[in-house]
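The model shown is predicted, which means the values in this text are computed figures rather than measured ones.
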Amino acid sequence: MDLGAEEFEQNLPLLQELVQDADFVGLDIEFTGLRSSLSGPQQISLFDLPSEWYLKTRQSVQQFTICQIGLSVFSSIEGEFNKYVAHSYNFFLFPTTFGILDSEFSFQASSVQFLNQYGFNYNKFLKNGIPYMNEEQEKKIKHNILTGNWRVRSSLDKDQIKVVIDEVTRWLDLAEEGDRITLPGIAGFQAFEVQLVLRQALPNIWTMLKDQGVVVKKVSRQHRWYLENASCDRASCWKEQILLSARGFSVFFQMLVKAQKPLVGHNMMMDLLHLHEKFFRPLPESYDQFKQNIHDLFPVLIDTKNVTKDIWKELHFPWVCNLSEVYKVLSSNLNPTKNSGPVIVHASKCEKYAQNKCPHEAAYDAFLCGSVLLKVAHLLLQRVHSSGPMPEPSFPQYLNVLAPYVNQVNLIRAGVPKINFSGPDYPSVRPPILILTVRRWPGASEQQVYREFQNLCKFDVRRLTRSQFLLLTNKFKDARSILKEYRCHPTLQVSLYRYWRHSPNINCVYVIHRPTSDEKTDTGVTQTESSRASDHSRQSLNDCSRHLTPSEPQDVHDLVDVTTRDNQDPEALTHFVFGTRASRGMISRH
């Protein structure tokens with residue numbers, strides 16, 4: 001079911017009731033663009049820590065806006081065995097333009113082309129989009145509305161407002177007291193704005209909002225004073241109505257937050273960033289603060305991309321590349337629980353997707369998210385009870401088997417594969433970093449190195465030194481392939497990267513000998529002093545590891561205490577704890 005500004009307010013009570021009674025809510029969002037065309041170090045990369053990825057992506061979220069939100073509200077049907085009903089809605093949105101609010105946003109040509117290919121209705125987005133604002137914008141507009149300090153912006157356009165005032169003024173010259181005129185085709189939030197303008201400009205009229213449009217009535221000044229002070233139409237009450245209408249979808253967002261239902265998406269990281277920026281507050285600079293805010297808003301998040309990616313190979317399902325293909329496999333005979341799994345039906349007035357597939361329409365994708373969740377949860381529940389009788393399925397049971405995946409949101413192109421919204425992020429499971437040493441190729445750039453390997457596989461490239469580059473991929477087979485092909489290459493030699501061996505920050509390596517209680521080392525360090533140095537070394541590793549590339553901790557084991565001396569400061573010793581079984585013999589004192 002499609003909802004624009006004209007239909008939204010009258011459906012709001014029903015939407016609130018649906019969310020309150022729901023088991024969970026599926027979500028999908030379409031945007032005017034995905035990522036800014038950033039270059040160089042501003043591009044997202046597999047080298048990025050989650051906090052770095054967040055700061056880069058934050059810029060794109062601030063640049064683009066939401067054009068459509070899809071919600072599919074799933075509720076179990078009382079008295080029916082494992083049966084759910086889905087109410088699916090498309091909300092066309094457009095930023096509030098009222099008073100001081102006049103948002104700027106960009107369109108990305110590729111995103112416009114992509115949505116247009118799938119039949120997206122840009123007219124509904126631009127002409128009938130539901131207004132919205134975040135809490136910071138709401139505070140500003142509330143102050144201006146209640147104090148009467150506001151001015152017309154582009155929601156109707158100043159020229160159109162002038163046309164309306166001229167039409168009403170000409171009518172007033174000939175009208176008698178009590179006569180009325182109707183201004184058709186003005187509804188919703190814009191109707192409040194027109195009334196506000198007319199009441200301020202013309203002291204001998206009164207306005208009312210009717211089904212057919214805005215009705216203007218000629219009244220005396222005394223009658224106008226009475227109407228302004230009538231209990232049902234006091235200025236303060238009327239301005240609160242304007243604010244409520246201007247908030248638009250943000251009102252429903254607050255209902256969704258208050259309901260605290262599990263929120264389900266597929267690759268939903270960008271969705272969460274936009275929800276925070278557009279309806280809650282501007283995205284903070286702090287990555288940790290963003291995580292905490294999202295967790296407070298939505299305590300239970302489930303990313304079906306993260307769930308299916310984890311179990312797909314175990315179930316020997318064919319490779320898939322998008323949400324529609326995941327749904328197709330789970331709905332086919334390849335799914336061993338197809339006939340025993342949950343039954344999902346579409347609600348009345350929401351049957352559009354019963355027969356029609358509408359990929360990349362937000363409500364359809366939200367419905368697929370919810371359906372995939374139920375089907376995968378049923379598979380997991382059956383696996384848990386494979387050795388005994390399976391209990392009658394229910395959504396709380398489904399939620400229990402999904403517990404390992406709750407609040408784990410998939411992350412695309414970063415140093416870690418997912419973000420944990422309810423605690424510290426998990427360490428990387430990416431392939432190890434490779435180092436490329438270039439010979440007889442003066443002036444080689446990161447772009448040239450990337451092009452050298454792109455036909456074989458794709459790597460993110462980062463310069464380390466003048467003649468060395470770091471290579472990182474998210475596929476182990478690609479790392480193995482490159483190592484095999486280029487290990488003995490005459491000009492491009494590739495090997496595993498080791499921080500202690502390859503970092504330009506390491507000048508030399510020392511072994512700290514641990515003396516007995518009665519002996520001292522040749523440097524005069526006692527056991528106590530050596531222990532302190534060793535403790536310092538371990539702490540330095542912990543500090544340094546935050547700056548290491550993601551795969552480095554995988555290559556560090558059988559730790560040996562070492563220190564490095566900075567040539568620029570002979571008196572300064574920096575302690576580290578590095579070493580591997582293979583490299584222990586190479587650590588020497590110079």
Side-chain angles (χ1 to χ4, degrees), residues 1 3-29 61 65-75 87-99 101 103 129-146 188-189 192 236-237 239-265 268 270-284 289-302 362-363 366 407 421:
M1 185 176 180
L3 295 179
E6 295 180 4
E7 306 88 7
F8 174 69
E9 288 190 26
Q10 65 189 38
N11 281 280
L12 196 54
L14 171 62
L15 293 169
Q16 182 178 19
E17 183 180 345
L18 288 174
V19 168
Q20 287 174 344
D21 295 338
D23 286 300
F24 66 94
V25 179
L27 167 75
D28 184 69
I29 304 181
V61 173
T65 196
I66 294 171
C67 52
Q68 187 183 66
I69 284 187
L71 292 176
S72 194
V73 183
F74 283 75
S75 305
H87 293 79
S88 304
Y89 294 91
N90 280 312
F91 300 90
F92 290 89
L93 304 187
F94 195 84
T96 296
T97 54
F98 183 84
L101 295 188
S103 302
I130 304 165
Y132 63 87
M133 63 181 73
N134 61 33
E135 291 181 359
E136 187 174 289
Q137 293 169 322
E138 182 182 344
K139 288 178 182 177
K140 293 179 181 178
I141 195 173
K142 184 174 183 178
H143 174 76
N144 283 272
I145 287 177
L146 296 181
F189 170 57
F192 283 113
S236 59
C237 178
K239 289 176 180 179
E240 286 289 350
Q241 287 182 303
I242 296 175
L243 179 62
L244 182 66
S245 187
R247 289 178 63 204
F249 189 83
S250 302
V251 177
F252 182 55
F253 175 79
Q254 291 300 326
M255 293 177 180
L256 199 60
V257 169
K258 188 176 180 180
Q260 300 282 280
K261 301 295 181 179
L263 193 64
V264 179
M268 64 190 302
M270 293 297 290
D271 298 341
L272 295 173
L273 287 160
H274 276 274
L275 288 178
H276 191 297
E277 171 78 15
K278 304 304 189 293
F279 307 119
F280 181 52
R281 294 171 191 164
L283 286 166
Q289 185 62 59
F290 162 71
K291 283 178 57 177
Q292 185 60 55
N293 290 348
I294 289 294
H295 188 56
D296 291 342
L297 292 170
F298 304 107
V300 180
L301 297 169
I302 305 176
N407 295 326
F421 278 94

Any heavy-atom pair between the side chains of [Y] and [X] that's under 4.5 Å?
X    : Y   : answer
Q16  : L12 : no
L18  : Y89 : yes
L71  : V19 : no
L275 : I29 : yes
F91  : L15 : yes
P95  : T65 : yes
F279 : I69 : yes
K278 : V61 : yes

| said: Check the orientation of F280 and H276. Use parallel for under 30°, tilted for 30 to 60°, and perpendicular for over 60°. | reply: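 The rings of F280 and H276 stand perpendicular, inter-plane angle above 60°.
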| query | To the nearest 0.5 Å, how far apart are NE2 in H274 and CG in L93? | reply |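 Going from NE2 on H274 over to CG on L93, the span is 12.0 Å.
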| field | Separation of H295 NE2 from L301 CG (nearest 0.5 Å) | value |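 The distance works out to 8.5 Å.
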Ignoring hydrogens and angles, write down the donor-acceptor pairs under 3.5 Å from the side chains of residues 250-259, residues two or more places apart or on other chains.
from	atom 1	to	atom 2	distance (Å)
S250	OG	M133	N	2.9
S250	OG	M133	O	2.5
S250	OG	R247	O	3.3

| said: Please enumerate all residues that pass side-chain hydrogen bond (donor to acceptor under 3.5 Å, both in side chains) together with D271, with sequence neighbours excluded. | reply: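 side-chain hydrogen bond (donor to acceptor under 3.5 Å, both in side chains) check on D271 returns nothing, list empty.
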| task | Kindly indicate, with the supporting measurements, whether the criterion side-chain contact (heavy atoms from CB on, under 4.5 Å) is fulfilled by N11 and M1. | result | CA-CA 11 Å; N11 281 280; M1 185 176 180; 4.1 Å; yes
| task | Quick one: do E136 and R281 satisfy side-chain contact (heavy atoms from CB on, under 4.5 Å)? Show the steps, please. | result | CA-CA 6 Å; E136 187 174 289; R281 294 171 191 164; 5.9 Å; no
| said: Between S72 (side chain only) and G26 (backbone N and O only), is there a donor and an acceptor less than 3.5 Å apart? | reply: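 Not confirmed, S72 side chain does not pair with G26 backbone.
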| query | Would you find a donor on one side and an acceptor on the other, under 3.5 Å apart, between the side chain of E277 and the backbone of L283? | reply |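 Answer holds: yes.
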| message | Evaluate V300 against F24 for side-chain contact (heavy atoms from CB on, under 4.5 Å), listing each step before the verdict. | response | CA-CA 10 Å; V300 180; F24 66 94; over 6 Å; no
| Can F421 and L272 be said to form a side-chain contact (heavy atoms from CB on, under 4.5 Å), step by step? | CA-CA 11 Å; F421 278 94; L272 295 173; 4.0 Å; yes
